[in-house]
Every structure is written in C-alpha cells, then in structure tokens.
Amino acid sequence: MPIYEFYCPDNHTVYQFLARSLSYREKTPRCPEDPSFRMEKRISRFAFLRGAKEDAGDDLRGHG
C-alpha cells in the first residue's frame with residue numbers, strides 16, 4: 001500500500017495518506033483541516049522510488 005505525502009501551503013502542514021493501490025497516485029485529497037485549502041503533492045526525501053524522477057519543487061525544510 002503506497003503512502004502519499006501532501007503539503008498544504010494554506011496552513012503549512014504536511015499530511016500523509018495511505019492509498020489502497022497505485023491507482024490513487026494522480027489524485028489529490030482534500031485538506032482534513034479545511035476542504036477549501038490547497039494541497040500539493042510532495043515526495044519525501046527518504047522515499048525509495050524505483051524509476052521515479054525527483055521533484056524539483058520547493059523544499060519544505062525551514063517551514064514549521
């Protein structure tokens with residue numbers, strides 16, 4: 001079961017979601033705190049991804 005990580009820039013929180021299958025990899029969940037908040041998919045620095053390209057997006061270090 002894959003674990004997907006999403007960052008919510010509206011409340012500066014990282015969420016992890018357990019998916020039932022890889023078919024959820026293109027879906028973006030709603031923020032548990034407020035469904036109107038935006039969610040951005042992130043890849044953990046410690047993730048082992050065979051054949052995946054590294055995301056060049058913003059790094060979350062320093063946010064708290």
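Note that the structure is a prediction, hence the values are computed from the model and not measured.
Partners of Thr28 by side-chain hydrogen bond (donor to acceptor under 3.5 Å, both in side chains), not counting sequence neighbours: none found. With sequence neighbours left out, Gln16 forms a side-chain contact (heavy atoms from CB on, under 4.5 Å) with Ile3, Glu5, Val14. Partners of Arg30 according to the salt bridge (charged side-chain N to carboxylate O under 4.0 Å, His left out) rule, which considers only residues two or more places apart in sequence or in another chain, do not exist here. In this view, Phe6 and Phe17 satisfy the ring pair (Phe, Tyr, Trp, His ring centres under 6.0 Å) rule, not counting sequence neighbours.
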Take His12 and Tyr7, measure what side chain to side chain contact (heavy atoms under 4.5 Å, CB included) needs, and give me the verdict at the end. CA-CA 7 Å; His12 306 287; Tyr7 173 67; 3.0 Å; yes
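Listed here is the closest heavy atom pair of Asp10 and Phe37: OD2-CA, 3.2 Å.
Using a 4.5 Å heavy-atom cutoff, the side chains of Tyr4 and Lys27 are not in contact.
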